[in-house]
Amino acid sequence: MERIYLDHAAAMPVDPRVLDAALPYLTEKVGNPSSLYNEGLTAKSAIEEARGRVADLINAEDTQSIIFTSGATESNNIAVRGTALRNIRTGKKIAASTIEHISVINPAKDLQKSGFAFDRIPVDAMGVVDLEALNGIVTPETAVTSVIYANNEIGTVEPIPEIAGIVHDRGRYLHVDATDAAGRIPIDVQRDGIDLLTLSGNQLGGPEGIGALYIRPGVREQPVIFGGGQERGLRSGTENLFGIVGMGEAARIAGADMQGESRRLAGIRDRLIERILTIDEAYLTGHPVKRLPHHASFRFSRIEGESIQLAMDMYGIAVATGSACTSRTLEASHVLLAIGLRHEEAHGSMIATLGRSNTMEQVPMVVDAARETVKRLRAITPL
Amino acid sequence: MERIYLDHAAAMPVDPRVLDAALPYLTEKVGNPSSLYNEGLTAKSAIEEARGRVADLINAEDTQSIIFTSGATESNNIAVRGTALRNIRTGKKIAASTIEHISVINPAKDLQKSGFAFDRIPVDAMGVVDLEALNGIVTPETAVTSVIYANNEIGTVEPIPEIAGIVHDRGRYLHVDATDAAGRIPIDVQRDGIDLLTLSGNQLGGPEGIGALYIRPGVREQPVIFGGGQERGLRSGTENLFGIVGMGEAARIAGADMQGESRRLAGIRDRLIERILTIDEAYLTGHPVKRLPHHASFRFSRIEGESIQLAMDMYGIAVATGSACTSRTLEASHVLLAIGLRHEEAHGSMIATLGRSNTMEQVPMVVDAARETVKRLRAITPL
Amino acid sequence: MAEQVGYSQKVMEHFMNPHNVGVIEDADGYGKVGNPVCGDIMEIFIKVKDDRIEDIKFRTFGCGSAIATSSMVTDMARGKTLDEAMTITRNDVATELDGLPPRKMHCSNLAADALHEAIKDYRSRQGA
Ligand SMILES: Cc1ncc(COP(=O)(O)O)c(C=O)c1O
Ligand SMILES: Cc1ncc(COP(=O)(O)O)c(C=O)c1O
Ligand code: FES
Ligand code: FES
């Protein structure tokens with residue numbers, strides 16, 4: 001049975017064109033980019049070219065505003081911790097929406113131990129940040145405010161330019177986690193008014209273990225990891241040449257293909273949503289319109305998400321869930337609670353994120369499997 | 001002209017067998033290892049197998065004592081910062097040798113800002129840690145003592161079991177940075193009495209951007225990067241599946257090939273050292289006997305290392321140098337100063353680290369190039 | 001050497017084809033337990049004859065292991081005397097399923113508790 005993979009937000013196959021471009025840097029084109037010998041210069045050029053490509057994707061004003069990290073988690077950590085500590089004179093306050101990724105929330109919580117206040121900005125039932133609340137919460141003492149470009153569990157795209165306006169009126173820097181949005185919808189840090197932007201290599205179609213952080217020129221930062229001073233001192237460690245070249249190529253391809261591919265995926269997504277919602281007591285989570293083109297997320301009443309994931313797998317389909325039962329802490333998804341779902345409701349979540357291998361032809365198979373799954377699990381539920 | 005690459009300590013080509021094993025995890029075998037669908041379970045199994053292989057290489061008592069990181073720099077940061085902060089009740093003291101890698105020294109310096117005392121343990125002229133001094137410096141308040149297994153600039157291998165004895169008599173935990181030693185000489189964390197051990201994926205023949213930290217069961221740690229709680233909560237972030245599988249395979253190969261390959265490289269090294277030392281005013285740095293099998297390091301009086309690197313490159317040879325001129329800070333190598341060299345002496349360093357592509361036949365070419373290089377540069381030196 | 005990955009074959013069998021699903025309308029005993037942490041809910045119905053569990057059914061809201069342990073415990077209890085059934089522990093259920101992931105041992109291994117509740121309910125109805 002051919003499998004249908006619908007968890008691209010968690011992990012994506014690397015684009016074959018990316019592999020072609022980056023593989024030589026694992027085997028032949030190897031050398032220390034800080035060294036002046038031939039291999040070192042080649043490595044250094046490759047890194048700077050990749051930096052330029054990532055900068056282009058988000059219209060950064062300066063290639064040097066991009067630093068490469070080990071992934072989105074680390075970028076988020078630098079953006080929160082590094083910005084807060086380096087700008088401590090602004091004030092000991094940070095703010096973040098209630099639907100940030102845990103790699104924003106947890107470093108923020110860690111800063112609370114050092115006396116920082118951590119304010120949460122609520123969202124509405126569709127996951128859109130409450131602009132009035134934002135305006136009330138952010139103050140001149142807020143060194144960094146973090147808002148996700150588009151949430152990974154519910155797909156809602158935030159009104160970043162408006163948010164940037166408020167943050168810059170009231171507080172200091174706006175950090176935006178664009179892990180899931182980049183390469184799917186057009187991002188322009190200058191137009192959008194973004195000071196810090198998190199990017200993931202794998203979510204662009206590049207390798208795992210690589211990410212980037214855009215830092216607007218002039219924004220002061222301090223590192224989270226200390227060492228040899230690579231990446232302008234903000235991310236020490238020998239450069240992951242394969243990862244960097246791969247991420248650069250992925251950014252280039254994403255820029256070139258985005259429009260067409262996003263339209264294609266949005267078509268599949270819309271059909272999938274329309275058909276899934278014909279299932280009894282099935283609901284969309286997140287925004288019906290302002291959502292990522294590759295993202296469809298649902299909840300089914302009276303059943304639980306891990307069981308949904310396991311059963312869908314039996315039909316050959318890989319989906320994600322925000323169920324408490326699959327989380328490390330066995331806690332309900334903070335995102336689903338933030339949009340106002342009750343614990344029982346948050347349990348029955350199913351998330352499908354599309355990618356290159358997905359086709360319109362797969363939709364009926366996915367819907368049939370979901371229908372069967374729901375039927376089975378409802379047959380044994382006491383609720 | 002065929003190039004001769006002699007900077008394996010900085011960056012190494014990935015072993016073709018590693019590529020074969022790991023490439024499928026970039027393309028087909030992709031899935032979230034925390035998920036229960038088929039692709040997730042495959043990923044999880046692959047990670048656990050790799051963990052076992054890394055554990056085997058260093059004879060760790062428990063596969064779960066290995067956590068994967070983004071590289072040796074990060075492992076060192078966790079070992080220093082994470083151990084010190086989590087064991088703060090032991091005391092606010094840390095200690096490290098004067099020849100530690102900067103990714104040990106800089107996080108230690110950062111801890112000074114939080115009120116930690118940072119004590120330096122001197123080494124002798126060959127780079128061997130002064131055991132008496134160690135005994136005097138480490139106290140029951142010293143939460144973590146960091147000593148490099150073998151230094152990357154001078155190749156000296158430290159007497160780790162003796163050091164472990166003293167650290168455990170006097171202080172708390174011993175962290176050992178085995179970035180350059182692992183896969184070159186046999187390491188056994190149980191025999192050696194090591195509490196924390198840093199490993200680099202690339203230095204084993206695996207990809208860049210992946211590393212590991214061995215944490216003896218029972219040693220308490222806290223993370224440096226916060227997020228989703230992967231790797232027992234000590235290294236959040238989606239697992240770098242390709243990197244992890246690659247590092248596992250590299251560890252397996254290193255374990256199997258080490259004896260033969262290290263003997264082969266030691267033969268080349270010995271010949272290289274013998275011949276280079278026939279050059280006028282050329283000196284070996286580091287220990288003549290207790291040194292890494294693939295490591296040959298020199299200094300030449302009255303000339304400067306960046307020039308040496310550039311000139312050697314003209315002869316088709318890539319070497320490293322510890323010269324101030326090539327460093328980001330333009331400071332003389334702290335390692336060369338620590339073994340007692342004066343600033344002028346530290347300038348003229350040349351480091352050759354061997355790998356699979358190197359052969360005995362290359363030695364005369366390297367020596368001729370070095371002789372010519374030294375002659376040229378001496379011709380224009382005022383010293 | 002490596003930690004078990006995912007669920008055992010047995011858990012998956014019981015998850016996909018759970019035994020003894022349903023409601024006994026005229027049950028002699030009924031037990032219901034829930035885990036406030038992650039929200040699973042299990043209920044067990046028993047029919048008792050001559051101090052033996054003659055029929056047993058369950059309904060469960062929860063994860064794979066919650067469903068599999070419910071199915072397994074009903075299999076294990078069927079035909080046993082009440083005293084025998086009272087000795088079935090959470091661990092016994094997990095063992096019969098060839099183990100559960102450590103994380104799930106406490107939270108979704110409540111089926112034995114539900115069974116014990118059903119037996120207690122039966123006994124209290126008998127006024128014992
Ligand atoms: C919105 C968002 N931010 C950050 C991350 C962290 O990315 P990584 O795990 O690759 O570090 C994720 C991962 O899924 C995410 O969805
Ligand atoms: C002894 C030692 N430790 C740590 C490191 C840091 O390794 P990485 O730059 O791969 O993080 C190096 C790098 O050269 C090293 O030689
Ligand atoms: S029902 Fe939540 S973990 Fe089992
Ligand atoms: S002599 Fe030029 S940087 Fe040192």
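Treat the numbers as computed from the prediction; the structure is a model and nothing was measured. Hydrogens, waters and symmetry mates are skipped; everything else that's a heavy atom, side chains included, is used.
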### Message
Counting only non-hydrogen atoms closer than 4.5 Å, does A:Ala346 touch chain C with its backbone (N, CA, C, O), its side chain (CB onward), both, or neither?
### Response
neither
### Message
Is A:Leu383 in contact with chain C via its backbone, its side chain, both, or neither, using a 4.5 Å heavy-atom distance?
### Response
side chain
### Atom CZ of A:Arg271 with >12 non-hydrogen neighbours under 6.0 angstrom
no
### Task
Side chain from CB out, backbone as N, CA, C, O: work out which of these in A:Ser323 comes under 4.5 Å of a heavy atom of chain C, or both, or neither.
neither
### Summary
Taking every heavy atom of C:Phe15 against every heavy atom of A:Ser307, the minimum-distance pair comes out as CZ-O, 3.3 Å
### Query
Do A:Asp130 and A:Val123 have side-chain heavy atoms sitting under 4.5 Å apart?
no
### Message
Please classify the contact of A:Arg376 with chain C as side chain, backbone, both or neither, using a heavy-atom distance under 4.5 Å.
### Response
side chain
### Query
Hey, what's the ring geometry for A:His347 with C:Phe61, parallel, tilted or perpendicular (30° and 60° as the breaks)?
perpendicular
